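Structure first, then comments.
Owing to the predicted nature of the structure, the values given are computational and were not obtained by experimental measurement.
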Amino acid sequence: MCTRVVYLGEQNTVITGRGMDWSEDMRTNLWLLPRGIERSGQGGVATPTWTSKYGSVIASGYDMGTSDGMNEAGLVANLLYLAESQFGRAKGKPVLSISLWAQYVLDQFATVAEAVAHLKQEPFRVAAPSLPNGRASTLHLSISDASGDSAIFEYLAGELVVHHGKDYQVMTNSPAFDQQLALNAYWKNIGGLTFLPGTNRAADRFARASFLIDAVPKSVDKNYIAAVPDQDYGRQALASTLGVLRSVGVPLGITTPNQPNISSTIWRTLSDHKNKVYYFDSATSPSIFWVNFKNVNFDAEQPVKKLIVEGGKIYSGDVAEHFVATPGFEFLAVGWVSGTSAQMASSTKGRESVPCS
């Protein structure tokens with residue numbers, strides 16, 4: 001499921017774009033999460049606990065965890081499918097439900113470097129219960145920040161693998177990231193203007209997205225800037241990034257059975273790290289809408305708020321004022337039985353509960 005790209009342009013312009021590919025409606029909603037929320041890692045006894053340092057706006061999947069989002073410091077987190085994920089045994093460490101993996105980062109860090117330094121110490125082990133539709137929640141995590149820095153986190157054969165650096169602008173699904181890089185090196189030698197692979201397979205999308213995010217203009221394009229609202233280069237950059245995502249997306253209704261990582265693109269997000277604006281583009285809606293963080297109050301005394309997107313709701317423009325105070329929902333919880341992952345009922349309710357995929 002999914003393609004993620006990071007646009008790096010002039011004027012300190014950094015935009016992370018992400019397409020969510022999935023085999024059915026994920027009943028996604030947007031949630032506004034203030035600072036000061038006390039959370040549990042939903043991993044049973046001795047699970048990590050923390051208090052959110054940063055507020056965030058996130059997109060949920062099945063309203064059971066955080067699949068995508070940006071915090072008020074401009075740090076972005078995206079969860080993507082990786083069939084090869086093997087999270088391994090707890091090894092005596094606290095257990096964190098994968099439904100909170102992205103939120104753990106958004107709550108506590110302002111930069112990729114901070115997050116990498118912390119997560120490399122492996123303060124917890126990730127556990128991955130099945131999703132509501134019965135699919136395995138085998139995922140990997142990408143993060144990016146306002147400096148353009150990026151990191152990819154994968155669990156392979158039970159071990160955490162981290163790729164950290166500004167060069168890691170693209171991420172899709174299978175195979176593992178190091179193999180994706182090797183495959184992409186082959187296509188770079190051929191040259192994107194000569195030939196690019198065109199299927200909906202993750203490796204092919206990786207090659208196309210890599211070529212395109214590198215090829216789009218990284219400064220004002222004199223041929224098109226007159227058509228951009230306010231002739232603003234930042235908006236041109238957003239349009240370029242969205243164009244890349246749409247060009248590698250999968251039309252609605254095309255899904256490969258038993259391969260959830262080869263499915264229809266159901267929504268896309270754009271995160272403007274510099275201006276702190278989070279954009280949402282649904283494949284089933286006629287318009288894009290966004291949340292401008294300038295119009296959001298992330299103070300600790302504020303309630304959790306929800307913007308209902310599921311059910312075909314249509315919005316346009318800045319929707320910050322349309323979020324409604326709503327009791328938080330429960331992150332998908334897990335338990336460990338003889339070192340293996342098993343789903344159990346969540347016991348966290350109230351203000352600290354939120355969404356995921």
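- Residues Val6 and Leu245 are members of separate hydrophobic clusters, defined by side-chain heavy-atom contacts under 4.5 angstrom among Ile, Leu, Val, Met, Phe, Trp and Tyr.
- What you find for Ser60 and Ser67 is that their closest heavy atoms are C-OG, 3.9 Å.
- By the 6.0 Å contact criterion, NZ on Lys93 is enclosed, its count of non-hydrogen atoms from other residues, nucleotides or ligands being greater than 12.
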_Verdict with supporting geometry, Lys305 and Glu321, salt bridge (charged side-chain N to carboxylate O under 4.0 Å, His left out)_ = CA-CA 10 Å; Lys305 294 183 178 180; Glu321 66 178 13; over 6 Å; no

*Residues His118, Tyr104; criterion ring pair (Phe, Tyr, Trp, His ring centres under 6.0 Å); working and verdict*: CA-CA 11 Å; His118 177 82; Tyr104 184 94; 5.7 Å; yes

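- Clustering ILVMFWY residues whenever any of their side-chain heavy atoms sit less than 4.5 angstrom apart, transitively, puts Val105 in the very cluster that holds Val162.
- Considering all non-hydrogen atoms of both residues, Leu80 and Cys2 come closest at CG-CB, 3.4 Å.
- The distance from atom CE of Met26 to atom CE of Met64, rounded to the nearest 0.5 Å, is 11.5 Å.
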*Assess whether salt bridge (charged side-chain N to carboxylate O under 4.0 Å, His left out) is satisfied between Arg235 and Asp230, documenting all intermediate values.*
CA-CA 9 Å; Arg235 291 178 174 174; Asp230 300 324; 3.0 Å; yes

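- Judged purely by distance below 3.5 Å, without hydrogens or angles, the side chains of Asp21 and Ser263 never pair a donor atom with an acceptor atom.
- In the hydrophobic cluster analysis, where Ile, Leu, Val, Met, Phe, Trp and Tyr join through side-chain heavy atoms closer than 4.5 angstrom, Phe206 is grouped apart from Leu8.
- If you run side-chain contact (heavy atoms from CB on, under 4.5 Å) between Tyr54 and each of Asn71, Leu33, Leu106, only Asn71 comes through.
- Here Tyr155 and Trp101 bring their ring centres to under 6.0 angstrom of each other.
- Comment: Asp68 engages Arg18 in a salt bridge, judged by a side-chain N to carboxylate O separation of less than 4.0 angstrom.
- Taken to the nearest 0.5 Å, the CD atom of Gln180 stands 7.5 Å off from the OG atom of Ser174.
- Looking at Leu75 and Val112, their side chains come closer than 4.5 Å, going by heavy atoms from C-beta outward.
- With 3.5 Å as the limit, one finds no donor-acceptor pair spanning the side chains of Tyr7 and Asp272.
- Side-chain contact, Arg205 with Asn173: a donor N or O sits under 3.5 Å from an acceptor N or O.
- Salt bridge Arg35/Asp299: present, at least one basic N to carboxylate O contact under 4.0 Å.
- The local environment of CG in Asp167 is sparse, with at most 12 non-hydrogen atoms from other residues, nucleotides or ligands closer than 6.0 Å.
- For the residue pair Ser56 / Gln103, a side-chain donor-acceptor distance below 3.5 Å is found, with atom types taken as modelled.
- Val250 and Ile213 fall into different hydrophobic clusters, where Ile, Leu, Val, Met, Phe, Trp and Tyr are joined by side-chain heavy atoms under 4.5 Å apart, directly or via other members.
- No hydrogens or angles considered: a donor-acceptor pair under 3.5 Å links the side chains of Ser144 and Thr16.
- For the residue pair Trp267 and Asp281, no side-chain donor N or O sits within less than 3.5 Å of a side-chain acceptor on the partner.
- Arg246 places a side-chain heavy atom less than 4.5 Å from the side chain of Arg268.
- Trp290 and Val14 are assigned to two separate hydrophobic clusters, defined by single-linkage of ILVMFWY side chains at heavy-atom distances under 4.5 Å.
- For the atom pair Asn29 CG and Glu310 CD, the distance stands at 4.5 Å (nearest 0.5 Å).
- With 3.5 Å as the limit, one finds no donor-acceptor pair spanning the side chains of His140 and Ser85.
- Other residues, nucleotides and ligands place more than 12 heavy atoms under 6.0 Å from the CG atom of Asp25.
- Looking at Thr51 and Glu38, their side chains never bring a donor and an acceptor atom within 3.5 Å of each other.
- Of the inter-residue distances, the one linking Ile266 atom CD1 with Leu252 atom CG reads 9.0 Å to the nearest 0.5 angstrom.
- If you check the side chains of Ser147 and Asp149, you find no donor sitting under 3.5 Å from an acceptor.
- Separation of the Tyr315 and Phe280 ring centroids does not fall under the 6.0 Å cut-off.
- A salt bridge links Glu122 with Arg125: the distance from a Lys NZ or Arg NE/NH1/NH2 to an Asp or Glu carboxylate oxygen falls below 4.0 Å.
- In the model, Thr47 has no side-chain atom that pairs as donor or acceptor with a side-chain atom of Arg39 under 3.5 Å.
- Between Leu139 and Leu82 the shortest side-chain heavy-atom distance does not fall below 4.5 Å.
- Smallest separation of non-hydrogen atoms from Pro217 and Ser240: CD-OG, 4.4 Å.
- Note that CG of Leu183 is 9.5 Å distant from OG1 of Thr172, once rounded to the nearest 0.5 Å.
- A donor atom on one side chain and an acceptor atom on the other are not found under 3.5 Å apart for Trp22 and Ser264.
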